[in-house]
Chemist: 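Okay, here's the structure, questions in a sec.
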Amino acid sequence: MNNRKHKLPVTIAGICLIGLIGFKDTGIFVKEYISIDDATQVAFNEEKVTIIGEKEDAIYEIARNETIRTNKTSQKYRVKVDTYILDKPEAKPIRVLREEEILQILKFEDDYYGLFNTEDGIDGYVKLSDLEAIVEENTSYGVSKVDKVLTDNDLFYTLIKGETVAIKDFKDNIYTIVDEEGNEFKAKESYIDLRRQKERATRGNISRRGSSVTKIVQAAYAELGKPYVAGDTGKRGYDCSGLTYSIYLNTLGIKLNRSSSSQVSDGVEIKREELVPGDLVFFRTSGKGIGHVGVYIGDNNMIHASSGRREVMVSSLDEAYYKQRYVTARRIINN
């Protein structure tokens with residue numbers, strides 16, 4: 001069997017040409033795809049390709065979880081040079097089309113002309129060579145397989161297992177995730193599942209919960225290094241429950257009970273193996289009652305106001321002190 005690696009460079013000019021011939025998007029492979037045809041093995045891996053269709057009318061039939069879309073050709077076209085809109089191909093002019101006018105495609109007549117609609121409501125035929133397709137950056141969608149906080153300088157993004165994420169690109173086995181404000185974050189390939197995107201992942205169901213959790217996590221990180229002050233909620237510093245109380249109140253307007261022993265009644269109880277960022281974790285520090293609380297931030301870590309270290313800091317739940325004293329956890333953000 002002969003192996004050959006197909007290289008399919010896609011330039012902007014090529015995308016525009018494709019757009020004039022038909023509505024075709026471009027995408028990139030997120031894993032190596034092997035197609036065997038006529039005893040020839042064709043391999044693609046992280047290569048940009050033209051997506052003709054999803055399991056229909058395609059030269060190579062590609063499963064949905066093997067590519068993400070990176071560009072899409074809209075049904076709108078821009079006039080490149082002054083030209084005419086005609087009542088029929090190569091027939092009587094209706095009016096002059098000026099450079100930069102935007103037209104809506106109605107149908108392609110042949111390789112030379114298409115039927116278009118102008119912004120002032122005129123239908124007519126225009127030479128395709130006088131137009132350029134408007135190509136838009138596309139967003140694909142997947143589902144998170146992990147509970148994980150992604151960071152980029154001082155920005156944070158929270159992946160919550162089973163919830164939708166927006167994907168902009170894929171390179172070197174890394175996805176580029178985009179938040180609702182357009183900030184970009186890098187996520188390992190193993191964090192994202194594309195197989196479920198058809199049934200689960202759309203712009204309409206991008207995780208609102210994830211956005212709220214991200215705000216909580218970011219607010220907790222912002223308090224690192226602040227001093228421990230018994231009974232304080234941020235004026236001079238924080239005690240443990242003063243930190244959690246202030247973060248939720250000031251970030252999401254959620255008013256928790258004030259003490260750690262009473263905050264254990266807020267939200268809903270969850271098991272330790274169910275922890276996701278933003279959850280509250282509770283500990284017994286003396287006697288049998290709750291005496292300490294922190295904000296879980298993923299990777300088995302929490303941010304808390306430590307009376308022993310006298311500051312807001314990050315600690316692992318696996319540290320001997322906290323592992324022995326862990327009692328329960330509560331989820332405040334459910335949707």
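Bear in mind that the values here come from a model prediction, so they are computed numbers and not experimental data.
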Chemist: Taking the six-membered ring for Trp, are Y77 and F116 closer than 6.0 Å centroid to centroid?
Modeler: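 Ring-ring flag for Y77/F116: true, centres closer than 6.0 Å.
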
Chemist: After noting the C-alpha distance and the side-chain angles of D232 and K226, does the key distance pass the salt bridge (Lys or Arg N to Asp or Glu O under 4.0 Å) rule?
Modeler: CA-CA 11 Å; D232 208 337; K226 299 290 179 65; over 6 Å; no

Chemist: With a 4.5 Å limit on heavy-atom distance, are the side chains of R331 and R209 in contact?
Modeler: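 Yes - at least one pair of side-chain heavy atoms lies under 4.5 Å apart.
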
Chemist: Can you name the nearest heavy-atom pair linking V165 to S144, along with the distance?
Modeler: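 Taking every non-hydrogen atom into account, CG1-CB, 4.5 Å.
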
Chemist: With the side chain counted from C-beta on, respond yes when T158 and I216 share a heavy-atom pair under 4.5 Å apart, and no when they do not.
Modeler: no

Chemist: Hydrophobic clusters here meaning ILVMFWY residues chained together by side-chain heavy-atom distances under 4.5 Å, can you tell me if V293 and L224 are in one?
Modeler: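 Same cluster.
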
Chemist: Do D279 and R330 sit within salt-bridge range, that is, some charged N less than 4.0 Å from a carboxylate O?
Modeler: no

Chemist: Tell me whether D193 contacts the main-chain N or O of V143 through its side chain, where contact means a donor paired with an acceptor under 3.5 Å.
Modeler: no

Chemist: Please determine whether the number of non-hydrogen atoms from other residues, nucleotides or ligands lying under 6.0 Å from atom OH of Y112 exceeds 12.
Modeler: no

Chemist: Does F283 have its ring centroid less than 6.0 Å away from the ring centroid of H304?
Modeler: no

Chemist: Do V276 and I333 have side chains that get closer than 4.5 Å, going by heavy atoms?
Modeler: no

Chemist: Looking only at side-chain N and O atoms, does D318 offer a donor or acceptor that is under 3.5 Å from a partner on S316?
Modeler: no

Chemist: Supply the atom-to-atom distance T244 OG1 to H292 NE2, rounded to the nearest 0.5 angstrom.
Modeler: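 Atom-to-atom, T244:OG1 and H292:NE2 are 9.5 Å apart.
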
Chemist: Hey, could you give me the CD/CG distance between Q75 and N117, rounded to the nearest 0.5 Å?
Modeler: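 If I round to the nearest 0.5 Å, the distance is 12.0 Å.
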
Chemist: Is the side chain of N153 donor-acceptor paired with the backbone N or O of L155 at a distance under 3.5 Å, no angle test?
Modeler: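 No, N153 side chain to L155 backbone: no donor-acceptor pair under 3.5 Å.
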
Chemist: List the steps, then state whether salt bridge (Lys or Arg N to Asp or Glu O under 4.0 Å) holds for D82 with R98.
Modeler: CA-CA 5 Å; D82 289 356; R98 298 301 181 185; 3.2 Å; yes

Chemist: Side-chain contact test, heavy atoms from C-beta onward, threshold under 4.5 Å: evaluate it for D152 versus E184 and give yes or no.
Modeler: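 No. Closest side-chain heavy atoms not under 4.5 Å.
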
Chemist: So, are R272 and E274 salt-bridged, with charged N and O less than 4.0 Å apart?
Modeler: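 Looking at E274 together with R272, the answer is no, because their closest N to O distance does not fall below 4.0 Å.
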
Chemist: Going by side chain to side chain contact (heavy atoms under 4.5 Å, CB included), L243 matches just one of Y228, Y248, Y238. Which one?
Modeler: Y238

Chemist: Between D147 and K161, does any side-chain N to carboxylate O distance fall below 4.0 Å?
Modeler: no

Chemist: Ring centroid separation for F170 and Y175, is it under 6.0 angstrom?
Modeler: yes

Chemist: Would you mind reporting whether F185 and T151 have side-chain heavy atoms less than 4.5 Å apart?
Modeler: no

Chemist: Do you know which of E119, E100, E99 makes salt bridge (charged side-chain N to carboxylate O under 4.0 Å, His left out) with R78?
Modeler: E100

Chemist: Are Y113 and L128 close enough that some pair of their side-chain heavy atoms sits under 4.5 Å apart?
Modeler: no

Chemist: Quick check: closest heavy atoms across D123 and L115, and the distance to 0.1 Å?
Modeler: C-CD1, 4.4 Å

Chemist: Carefully, step by step, assess I122 and I94 under the rule side chain to side chain contact (heavy atoms under 4.5 Å, CB included).
Modeler: CA-CA 9 Å; I122 297 174; I94 299 174; 3.9 Å; yes

Chemist: Would you say the side chains of T176 and D169 form a donor-acceptor pair under 3.5 Å?
Modeler: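 There is no such pair between these side chains.
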
Chemist: Tell me yes or no: between the side chains of S260 and S241, is some donor less than 3.5 Å from an acceptor?
Modeler: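 The answer is no; no qualifying pair exists.
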
Chemist: For residues E109 and P89, report the shortest heavy-atom separation together with the two atoms involved.
Modeler: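 Here E109 and P89 meet closest at CG-CG, 4.0 Å.
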
Chemist: Consider only side-chain heavy atoms of I, L, V, M, F, W and Y, link residues closer than 4.5 Å, and tell whether F156 and I160 are in one cluster.
Modeler: yes

Chemist: For the pair R95 and E101, find out whether any cationic side-chain nitrogen is under 4.0 Å from an anionic carboxylate oxygen.
Modeler: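 The answer is yes: the pair qualifies as a salt bridge.
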
Chemist: How close do I167 and Y141 get, counting heavy atoms only, and between which atoms?
Modeler: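 Result for this residue pair: CD1-C, 4.2 Å.
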
Chemist: Report yes if some heavy atom in the side chain of R236 is under 4.5 Å from a heavy atom in the side chain of P227; otherwise report no.
Modeler: no

Chemist: Between OH of Y296 and CG of L275, what distance do you get to the nearest 0.5 Å?
Modeler: 5.5 Å

Chemist: Without swapping roles, check the side chain of K80 against the backbone of S129 for a donor-acceptor pair under 3.5 Å.
Modeler: yes

Chemist: Any side-chain donor-acceptor pair under 3.5 Å between E311 and S306?
Modeler: no

Chemist: Passes side chain to side chain contact (heavy atoms under 4.5 Å, CB included), I297 versus V314? Steps please.
Modeler: CA-CA 9 Å; I297 57 171; V314 176; 4.2 Å; yes

Chemist: Please test V217 against V295 for side chain to side chain contact (heavy atoms under 4.5 Å, CB included), starting from the C-alpha separation and ending with a verdict.
Modeler: CA-CA 8 Å; V217 171; V295 179; 5.6 Å; no

Chemist: Check R258 against Q263 and note the closest heavy-atom contact, atom names and distance.
Modeler: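 Of all heavy-atom pairs spanning R258 and Q263, the closest is O-NE2, 3.6 Å.
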
Chemist: Same cluster for V264 and I254 if Ile/Leu/Val/Met/Phe/Trp/Tyr side chains link at under 4.5 Å?
Modeler: yes

Chemist: Atom OH of Y245 and atom CG of L256: how far apart are they, to the nearest 0.5 Å?
Modeler: 8.5 Å

Chemist: Please report the interatomic distance CD1(I247) to OG1(T233), rounded to the nearest 0.5 Å.
Modeler: 11.5 Å

Chemist: Can I332 be reached from Y221 by stepping across I, L, V, M, F, W or Y side chains whose heavy atoms are under 4.5 Å apart?
Modeler: yes

Chemist: For residues S262 and S259, is any side-chain donor paired with an opposing acceptor at under 3.5 Å?
Modeler: yes

Chemist: Would you kindly say whether R325 and T285 are connected by a side-chain donor-acceptor distance under 3.5 Å?
Modeler: no

Chemist: With a 4.5 Å cut-off on side-chain heavy atoms, are V126 and L131 touching?
Modeler: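 In short, these two side chains touch, coming nearer than 4.5 Å.
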
Chemist: Decide side chain to side chain contact (heavy atoms under 4.5 Å, CB included) for E90 and Y125; before the verdict, give the C-alpha distance in whole Å, the side-chain angles of both, and the deciding distance to 0.1 Å.
Modeler: CA-CA 9 Å; E90 300 183 9; Y125 293 86; over 6 Å; no

Chemist: Between Y321 and V327, is there shared hydrophobic-cluster membership here, with clusters defined by ILVMFWY side-chain heavy atoms closer than 4.5 Å?
Modeler: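 Looking at the clustering, V327 is in a separate group from Y321.
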
Chemist: Is it true that atom CG of D154 has more than 12 heavy atoms of other residues, nucleotides or ligands lying nearer than 6.0 Å?
Modeler: no

Chemist: Can you measure from CE (M313) to CE (M302) and round to the nearest 0.5 angstrom?
Modeler: 8.5 Å

Chemist: Looking just at side-chain N and O atoms, do K145 and S190 make a donor-acceptor pair shorter than 3.5 Å?
Modeler: no

Chemist: Give the minimum heavy-atom separation between I303 and V312, together with the two atoms involved.
Modeler: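 Shortest heavy-atom contact: CG2-CG1, 3.7 Å.
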
